[in-house]
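First comes the structure, then the notes that go with it.
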Amino acid sequence: MERRYNAGTVEKKWQKIWEERNSFHVTEDPNKKKFYDLVMYPYPSGKLHMGHLRNYAIGDVVARSKKMEGYNVLHPIGYDAFGLPAENAAIEHGVEPSKWTHENMDEMDAQLKTMGISYDWDRKIYSCDPLYMKWMQWIFIQFFKKGVAYKKDTDVNWCPSCKTVLANEQVWQGECERCGSVVEKKKLSQWNFKTTAYAERLLANIDTKLGGWPDSVRTMQRNWIGKSKGANMTFPIDGSDKVIEVFTTRADTTYGVTFMVLSPEHPFVEELIKGKPCEEEARKYIRECSMKSEIERTAEGKEKTGVFIDSYAINRLTGKKVPIFITDYVLMGYGTGAVMGVPAHDQRDFDFAKKFGLEIIPTIQPEDPSIDPNDLKEAFLAEGKVINSGQFNGMDWRDAIPAMEKYIEEQGWGHHTITYKMRDWIISRQRYWGCPIPMIWCDDCGWVPEKEENLPVMLPTDVEFTGTGDSPITTSKTFQEGVTCPCCGKPARREVDTMDTFLDSSWYMLRYTDPQNDKEAFNKEKADYWMNVDQYIGGIEHATMHLLYARFFQMVLYDLGLTKYEEPFENLLTQGMVIKGYTDKNGNYVKAKMSKSLGNVVSPAEIIDKYGADTARMFILFAAPPERELDWSEAGVEGSYRFINRVYRLVYDFVEEYGNGEMSEEAKNDADKKLVYRLNLTVKKVGEDIRKFAFNTAISSIMELVNEMYKYKDGEMNPELFRFCINRLMLVLSPFVPHVCEEMWQHTGHDDLIYDQSWPSYDESAITLDTVQMVVQINGKVKDRIEVAKDASKEAIEEQAMAADKIKELLEGKNVVKVITVPGKIVNIVAK
RNA sequence: GCGGAUGUGGCGGAAUUGGCAGACGCGCACGGUUCAGGUCCGUGUGAAAGCAAUUUCAUGCAGGUUCAACUCCUGUCAUCCGCACCA
């Protein structure tokens with residue numbers, strides 16, 4: 001150990017040693033309790049950013065501390081290697097996506113290794129690995145066989161710029177999440193996964209099995225699934241044998257239906273408008289709606305539009321004919337694409353009725369006498385008793401819902417039902433750089449999966465990347481060469497679409513448990529040993545996509561008997577963003593995301609280069625609690641660097657002067673006792689704090705210990721005790737700043753690794769002092785402090801408090817009304 | 001509009017079965033070390049008043065409960081995030 005701390009040298013040295021000794025490699029060990037610590041694998045863009053560093057630093061503290069606690073820790077890393085940027089690189093620079101991706105992965109491997117994270121590199125996986133693709137395709141085929149995967153003509157979100165289909169989740173305010181282009185609608189035959197069939201289980205498990213997840217994420221998923229209870233109800237079309245089916249949550253208001261509204265895309269519309277006077281206007285409206293992007297629709301401020309289509313439906317409860325309209329406020333993708341208009345009790349219907357001069361019939365009597373139900377200014381949404389509804393009059397609206405649903409069901413007009421906002425997951429992508437969907441179309445047999453022995457279906461390499469038109473795969477001459485139906489052997493065609501990359505990341509946690517297996521996706525015994533993921537750590541941006549898809553995947557695999565558990569992630573930690581504020585021209589401090597345009601990007605590489613990985617890690621863990629936003633500050637980084645130096649010097653100087661030798665935790669005098677007290681308190685607190693992910697307070701208590709040690713050192717120091725103290729200090733610090741701790745560990749006479757040590761225990765009796773300081777208050781204000789025996793009685797404490805000189809003086813001439821004594825904490829004297 | 005979260009010094013943040021508000025760090029100031037700068041070490045640092053002991057005010061705002069409230073209750077404002085014509 002050199003006198004001067006040189007982070008670069010120290011870190012390279014220990015990274016090499018860890019690698020040589022294969023320290024981070026793990027295998028299943030049934031005699032040990034396992035701990036699966038997982039960070040979200042990165043997209044190999046080529047550069048690691050602060051968000052990555054934060055994510056992995058948190059993961060590493062968890063991994064290293066759990067290891068010290070005696071767990072067998074699985075801590076893997078890999079790459080989400082398929083995706084658009086690689087293909088864009090091909091289009092823009094002519095680089096093959098595969099080459100581009102592999103170069104980036106190599107670069108990121110190197111960068112990751114400079115962070116000193118305890119990854120088991122032997123388990124590295126990447127989704128464009130042919131072996132990974134093989135088992136991805138195999139899983140797809142199981143899904144197909146189970147009926148979870150199916151092909152369907154779908155109205156899809158189409159990005160005209162990326163020339164690809166986007167999942168609903170990838171559309172943000174009507175724009176492509178990636179490039180910002182306005183998203184259009186297009187009909188395409190697409191592979192879907194039946195996520196809706198799992199909606200109820202996905203929802204129910206949020207309450208029963210995701211107790212270790214943050215509420216915010218659970219709520220987001222609940223909203224995303226969007227369950228509504230209600231009824232499907234039919235309304236006959238006047239002069240037709242067709243019936244319109246609607247979904248409603250408010251069956252109790254059915255007597256108040258005065259019109260029907262259909263989505264412009266509703267399948268009945270064509271037949272209803274054909275040859276009618278409204279035809280031209282209706283067609284124009286439908287065309288306008290299909291052109292309009294979501295962004296335009298919302299920009300119009302929810303002003304209702306629509307066209308009467310010269311048809312009527314019959315409200316069978318009242319026997320009345322009600323006009324049918326088409327309108328874009330009814331969405332084809334939710335419910336049945338048709339809505340019964342109840343203007344009195346739905347604000348949107350109310351707005352629509354006002355605009356088109358339609359009748360408004362109240363069916364709920366407002367309890368508030370100031371509201372006249374026959375002259376509503378807005379829809380009445382509050383509670384009340386049913387009116388204008390025949391036999392249901394007088395019922396509470398809540399009771400009327402099931403009563404009305406039952407009646408309608410008896411009449412054969414409808415039934416109780418449940419609707420979800422969540423839709424099936426469209427997984428086809430018209431892109432090159434993804435995992436090919438292993439399906440073959442045969443004119444006789446239909447869609448047939450590729451034979452297992454032919455997997456993986458590889459991506460063709462004789463393709464052109466033009467950036468326009470269809471998927472590059474369609475330009476390949478070899479891809480369809482000699483393809484025959486696996487079923488009947490006739491010439492057939494391969495599916496040219498690739499899978500959404502979210503499929504790859506939906507089971508990678510299982511593959512990590514058995515990453516090199518070429519006989520199966522993962523060995524069940526191994527997966528059962530390691531799963532579930534005990535701690536999953538990543539960004540909040542994955543709350544509804546990745547985290548829902550991965551849950552869905554695991555659920556299907558569970559049903560297929562491939563996994564032991566229905567849910568993959570026991571505990572979830574969503575880390576906050578790393579931002580960098582700046583002072584604007586008015587002198588105000590503005591918080592801002594790191595972005596190229598603002599020029600406030602700080603890369604982990606430059607910080608590691610300048611201060612070392614330990615400093616970078618320490619700052620990132622110390623500056624804020626993990627789930628909160630973290631404001632990057634160079635001054636703060638220097639503070640962490642200073643602290644590491646301070647510890648380093650403390651150890652170095654001590655060893656210089658006293659050498660390595662006997663340790664003792666025995667306290668001989670008051671100064672010793674004080675140090676021992678602080679030491680044990682710190683060991684206790686750091687352990688507890690790490691378990692709560694309160695890394696910031698864990699580090700601050702270590703700093704307090706170091707401050708105390710510096711003070712102690714200047715007094716009458718007991719080297720044996722101090723040695724013990726240094727030993728404990730290094731151990732509790734090692735999960736945070738592992739390199740420098742290894743260095744000091746070696747310097748203090750150890751030839752093993754601090755990585756392999758056990759977490760230190762603490763002495764409870766050293767923390768329990770004989771006397772305890774208590775605060776004495778008069779009327780709630782602190783006036784004095786007293787030292788009392790730790791087991792003193794309430795009476796004794798009170799007596800001692802009253803006897804204190806200062807208190808006596810202050811109470812002179814006053815009348816003591818009441819004394820509250822909380823042993824160990826406080827004495828409050830109420831006096832007048 | 002609906003849902004979730006957060007509001008504490010100049011800054012990041014501590015403190016919740018109600019019990020000393022501001023731990024720890026940054027920044028700042030002063031002192032020591034140094035030829036000097038940096039480093040390092042030490043002291044101080046919520047605001048206001050006072051030479052001082054001390055006093056008053058202070059956890060977004062307004063109330064309430066309590067001997068005692070950052071913590072519990074009611075209302076309100078602000079910011080951030082997610083969803084958003086979901087019938």
Side-chain angles (χ1 to χ4, degrees), chain A residues 4 172-173 214-224 226-228 230-231 246-250 253 261 263 294 297-298 300-305 327-331 333-342 345-349 351-352 419-422 540-541 543-544 576-577 581 583 589 591 618-619 622-625 627-640 642-643 645-646 649 694 696-707 710-711 714 773-785 817-822 824-831:
Chain A
R4 229 185 121 68
W172 186 72
Q173 291 192 347
D215 285 342
S216 57
V217 176
R218 299 203 304 167
T219 307
M220 272 193 240
Q221 293 213 346
R222 241 180 246 121
N223 293 341
W224 193 263
K227 178 178 180 172
S228 292
V246 301
F247 171 71
T248 182
T249 54
R250 292 296 302 273
T253 64
V261 268
S263 156
E294 306 247 342
R297 280 203 203 177
T298 43
E300 281 161 17
K302 303 196 173 138
E303 171 79 13
K304 296 290 175 287
T305 58
T327 178
D328 68 354
Y329 85 81
V330 178
L331 311 171
Y334 181 77
T336 61
V339 173
M340 62 182 211
V342 187
H345 305 295
D346 181 283
Q347 191 58 42
R348 292 153 304 175
D349 296 348
D351 295 342
F352 192 83
T419 295
Y420 301 91
K421 282 187 208 169
M422 187 173 78
I540 184 77
E541 67 273 20
T544 47
M577 262 201 308
T583 309
Y589 189 76
K591 289 185 171 179
M618 163 149 281
F619 170 71
F622 176 62
E627 64 286 353
R628 228 181 294 181
E629 196 171 70
L630 184 146
D631 198 355
W632 189 264
S633 135
E634 183 97 15
V637 176
E638 276 171 12
S640 295
R642 243 190 320 263
F643 174 70
N645 271 286
R646 199 166 143 83
R649 259 196 323 272
N696 54 335
T697 50
I699 292 170
S700 75
S701 67
I702 298 174
M703 287 172 168
E704 285 179 81
L705 171 65
V706 171
N707 291 344
Y710 263 94
K711 278 198 193 105
D714 290 338
Q773 202 181 63
M774 280 182 61
V775 164
V776 184
Q777 296 181 333
I778 295 178
N779 295 332
K781 297 225 189 296
V782 183
K783 295 294 172 189
D784 202 5
R785 281 147 219 277
V817 181
K818 198 175 175 185
V819 181
I820 296 105
T821 306
V822 184
K825 284 185 176 163
I826 208 158
V827 179
N828 189 13
I829 302 161
V830 186

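Spacing between rG64(B) and rA14(B) at atom C1', rounded to whole Å, works out to 28 Å. Only the C1' atoms considered, rG27(B) is 26 Å distant from rC80(B), to the nearest whole Å. Separating the P atom of rG38(B) from that of rC28(B) is a span of 11 Å, rounded to the nearest Å. Nucleotides rC20(B) and rA69(B) are separated by 14 Å at their C1' atoms, to the nearest Å. Taking atom C1' in both rG60(B) and rC77(B), the straight-line distance is 7 Å, to the nearest Å. Of the C1' atoms belonging to rC72(B) and rU59(B), the separation is 16 Å, rounded to the nearest Å.
Regarding Arg642(A), its CZ atom lies at a distance of 15 Å from the C1' atom of rG12(B), rounded to whole Å. The interatomic distance linking Phe622(A) (CZ) with rC26(B) (P) rounds to 8 Å, in whole Å. Rounded to a whole Å, the CG atom of Asp346(A) is 9 Å from the P atom of rA87(B). Counting to the nearest Å, the C1' atom of rG12(B) and the CZ atom of Arg628(A) are 10 Å from each other. Between Arg646(A) atom CZ and rC24(B) atom P there is a gap of 12 Å when expressed in whole angstrom units. Atom CH2 of Trp632(A) and atom C1' of rC11(B) are 16 Å apart (whole Å). Asn779(A) places its CG atom 14 Å from the C1' atom of rU66(B), with the value rounded to the nearest Å. Rounded to whole Å, atom P of rA87(B) lies 11 Å from atom CG of Asp349(A).
Arg222(A) comes within 4.0 angstrom of no nucleic acid atom, judged by non-hydrogen atoms across all strands. Counting any heavy atom pair closer than 4.0 Å across all strands shown, Asn645(A) reaches no nucleic acid atom. Gly639(A) comes within contact range of the sugar-phosphate backbone alone, with a heavy-atom separation under 4.0 Å but no base atom that close. No contact: Gln347(A) has no heavy atom under 4.0 Å from any strand. Within the 4.0 angstrom heavy-atom criterion, only backbone atoms of the sugar-phosphate kind lie near Ser228(A); the bases stay farther away.
For the atom pair CZ (Arg4(A)) and CG (Asn645(A)), the distance works out to 7.0 Å, reported to the nearest 0.5 Å. We find the OH-CG distance between Tyr329(A) and Asp349(A) to be 3.5 Å, quoted to the nearest 0.5 Å. Within the model, atoms CD1 of Ile826(A) and CE of Met774(A) stand 8.0 Å from one another, a figure rounded to the nearest 0.5 Å. Atom NZ of Lys818(A) sits about 9.5 Å away from atom CG of Asn828(A), to the nearest 0.5 Å.
Mapped onto RNA chain B by nearest heavy atom, Ile540(A) and Thr336(A) fall at different nucleotides, with Ile540(A) at the one closer to the 5' end. Nearer to the 5' terminus of RNA chain B, by closest-nucleotide assignment, is the contact made by Glu629(A) (compared with the other of Ser700(A) and Glu629(A)).
Between the side chain of Lys304(A) and the base of rC85(B), at least one donor-acceptor pair of N or O atoms lies under 3.5 Å. No donor-acceptor contact under 3.5 Å links the side chain of Arg649(A) to the base of rC40(B).
Regarding contacts with the backbone of rA87(B), every side-chain N or O of Tyr329(A) stays at 4.0 angstrom or more from both OP1 and OP2. Contact annotation: Asn707(A) reaches the phosphate of rG25(B) (side-chain N/O to OP1 or OP2, under 4.0 Å). Taking 4.0 angstrom as the limit, Arg218(A) places none of its side-chain polar atoms (N or O) nearer than this to OP1 or OP2 of rA5(B).
Side-chain atoms of Tyr710(A) lie closest to rG42(B) of the nucleotides rG42(B), rA87(B), rG13(B). Side-chain proximity of Asn223(A) to rG3(B), rG13(B), rC57(B): nearest is rG3(B).
Taken together, the paired segments of RNA chain B that extend over three or more consecutive Watson-Crick or G-U pairs, each closer than 3.5 Å at both contacts, are B:1-7 with B:77-83, B:10-12 with B:24-26, B:27-32 with B:40-45, B:46-49 with B:54-57, B:60-64 with B:72-76.
Taking every heavy atom of residues 824-831 of chain A and every atom of RNA chain B, pairs under 4.0 Å involve Lys825(A), Ile826(A), Asn828(A), Val830(A), by number.
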Any protein N or O atoms within reach of nucleotides 52-55 of chain B? Criterion: under 3.5 Å, listing atom names and distances.
from, atom 1, to, atom 2, distance (Å)
rU55(B), OP1, Lys783(A), NZ, 2.9

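For rG9(B), the base is syn relative to its sugar; the glycosidic angle is within 90° of 0.
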